[in-house]
Trainee: 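So that we are looking at the same thing, I have put the structure below in structure tokens.
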Amino acid sequence: MSTKSKTIVSTEQSQSAQKQAKFYIITYGCQMNSYDSQLMSSILEKEGYHRAQSIDQADIIIINTCSVREHAVNRAISRVESLKPLKKKNPQIRIGITGCIPQQMKNSLLEKLPFIDFILGPDNFQEIASCAKDTNGIFTDFKESLIYSKYAPPARGNFPEAFVAVMRGCNNFCSYCVVPYTRGKEKSRSIDDICHEVNILSKKGYKRVILLGQNVNNFNDTGKRLPYLLSKIVRIKGIERIGFLTSHPAYFPLETIDIMKDEPKIEKFLHLPLQSGSSKILKLMKRNYTKSSYISIIEKVRNKIDDIFLSTDIIVGFPGESEDDFSETIEIIKKISFDSAYMFIYSPRRFTLANSFNDFIGKEVKNQRLRELIRVQSEITKKKSKAYKGKILDILITGKNKKNYLESIGISVYNKIVVVKEQINKGEIVKVSINDVKGWTPIGEIFSRKGDIKRKKVRN
Ligand code: 5AD
Ligand code: SF4
């Protein structure tokens, strides 16, 4: 780690001025990055800083970045570049880049953007307090353990839903993926630490937690695994919905589905990235499963919970992907009929094994494959959404419908987002009868509120 020190501010007067300083965080990337931004906010608020309502009111600007694909890197870097005039006008403003881009680029990032004050990798958020104050430099050391309880993220903004990181890092080294290089080796938090955080969330009225990990099924606190952690969290009063992300098909224990089936609070939702439908490509990707072993997991999962919500990630245009390989992806997508999918064009990443593979597929072919995949999956998602008509679902209200403020948005225990044609408070759980479906979105009316059901039960 190298640190360039800057002017040390030490008078009492300037310290109290710093205490009122405001920070603003811009977040790119995955749910883990959103969580990390909450973590940094929590640390800064504990140090006496305040959130700025807009970027031009901020004394400290943090850009929390993702480097999983080139496009994400370019977007984040051009956003940082756009802050240069602000820094020129007011050199007192402190600007930092955090997350995966600094971890990967280190010195070269500061050389590219010399007006930046500090950069922090994903294991170095603890340093945000001193960097916000007066420390400049590069902090990108990997850490051995994860202790966040001091900084339980307030998770503001997404109420009544909150992410909770339970493990970080990845040991898999899929040949296309930069994550093991930016987030380091797998490490799990302690169950006590996680439950402490979920308890705080529940006391604040949060109703839904989504447990996060790059490889959440490898969660391991001294031999206690994800099903055990889930069994602890279901007992936390006030928390009504528990989801988890992301599972890996090669290391997916079916006991996780057993507890999902038995515990009403655990969401019947599995995100299981397939990446490709061709076993040849899966081998090149170093995914450690084949097309048929993936299908067999899905069959076993559906045997246990037949209407489970399944989502996946797919990469098209991986080096060596022939028309036949791509057709296999389309075939399996149709066969499995995922409820939703995140679809990407392969993006070569520095350090990864696939970066050395010959990439002969033309840009237009890659674009065309992505368009075709999106077309096929959209039809499936639409068809599966239509099947919601006539159902009665328990919906956790998560906010207003941005297209019509007289309506609410909520989520079912099957991870399906629905519109409810009534204004309902966030955090309420209501029974909704779905009487229409627009595009991918079921639309419903209140069937009954939780209180109504209780009252009915009392009368009976
Ligand atoms: N190019 C394209 N997509 C990628 N992903 C990860 N690395 C790459 C890459 N180099 C996708 C995978 C992963 C998701 C989070 O991002 O599908 O599951
Ligand atoms: Fe990346 Fe593979 Fe690890 Fe997922 S499992 S984070 S794709 S290396």
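Remember, it's 1-based here, ligands and their atoms both numbered in the order they're listed. Values below: every heavy atom of this structure, side chains too, minus hydrogens, waters and symmetry copies.
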Trainee: Any luck finding a side-chain donor-acceptor pair between N415 and K268 under 3.5 Å?
Mentor: no
Trainee: Taking side chain to side chain donor-acceptor pair (under 3.5 Å) as the criterion, tell me which of N218, N217, T256 meets it with S247.
Mentor: N217
Trainee: Check this for me: K286, atom NZ, are more than 12 non-hydrogen atoms of other residues, nucleotides or ligands nearer than 6.0 Å?
Mentor: no
Trainee: Hey, which of I314, I298, D313 is the one that makes side chain to side chain contact (heavy atoms under 4.5 Å, CB included) with L274?
Mentor: I314
Trainee: When you measure from atom 7 (N) of ligand 1 to every protein heavy atom, which one gives the shortest distance, and what is it?
Mentor: Y176 CD1, 3.3 Å
Trainee: Among all the protein's non-hydrogen atoms, which is closest to atom 17 (O) of ligand 1, and how far away is it?
Mentor: Q275 OE1, 2.7 Å
Trainee: Between F269 and F309, is the ring centre distance below 6.0 Å?
Mentor: yes
Trainee: With atoms numbered from 1 as shown, which atoms in ligand 2 lie under 4.0 angstrom from a non-hydrogen atom of R287?
Mentor: 2 (Fe), 5 (S), 7 (S)
Trainee: For atom 6 (C) of ligand 1, find the nearest protein heavy atom and state the residue, atom name and distance (0.1 Å precision).
Mentor: V68 CG2, 3.5 Å
Trainee: Can you tell me the protein heavy atom closest to atom 2 (C) of ligand 1 and the distance?
Mentor: I345 O, 3.4 Å
Trainee: Could you work out, for atom 9 (C) of ligand 1, the closest of S347, G317, C174 by heavy-atom distance?
Mentor: S347
Trainee: Using a strict cut-off of 4.0 Å, indicate which atoms of ligand 1 neighbour a heavy atom of I315.
Mentor: 3 (N), 4 (C), 5 (N), 12 (C), 17 (O)
Trainee: Can you find an N/O atom of Y346 closer than 3.5 Å to an N/O atom of ligand 1?
Mentor: no
Trainee: How about S41 and E45: does a side-chain donor come under 3.5 Å of a side-chain acceptor?
Mentor: no
Trainee: Any sub-3.5 Å donor-acceptor pair from K265's side-chain atoms to V234's backbone N or O?
Mentor: yes
Trainee: Looking at R189 and R168, would you say the former's side chain and the latter's main chain have a donor-acceptor pair under 3.5 Å?
Mentor: no
Trainee: Check whether more than 12 heavy atoms from other residues, nucleotides or ligands sit under 6.0 Å from atom CZ of F351, and answer yes or no.
Mentor: yes
Trainee: Counting heavy atoms only, which of T352, I314, D313 is nearest atom 18 (O) of ligand 1?
Mentor: D313
Trainee: Atom NZ of residue position K366 - does it have more than 12 heavy atoms of other residues, nucleotides or ligands inside 6.0 Å?
Mentor: yes
Trainee: Quick one: which ligand 2 atoms are inside 4.0 Å of a heavy atom on H248?
Mentor: 5 (S)
Trainee: What orientation do Y346 and F318 show, parallel under 30°, tilted 30 to 60°, or perpendicular over 60°?
Mentor: perpendicular
Trainee: Closer than 2.8 Å to atom 1 (Fe) of ligand 2, which protein N, O or S atoms?
Mentor: C177 SG
Trainee: Give the residue, atom name and distance (to 0.1 Å) of the protein heavy atom nearest atom 4 (C) of ligand 1.
Mentor: R69 NH1, 3.3 Å
Trainee: List ligand 1 atoms under 4.0 Å from F344, heavy atoms only on the residue side.
Mentor: 3 (N), 11 (C), 14 (C), 16 (O), 17 (O)
Trainee: Do the side-chain N and O atoms of S322 and D325 include a donor-acceptor pair separated by under 3.5 angstrom?
Mentor: yes
Trainee: Give the atom numbers and elements of ligand 1 that come within less than 4.0 Å of a heavy atom of R349.
Mentor: 10 (N)
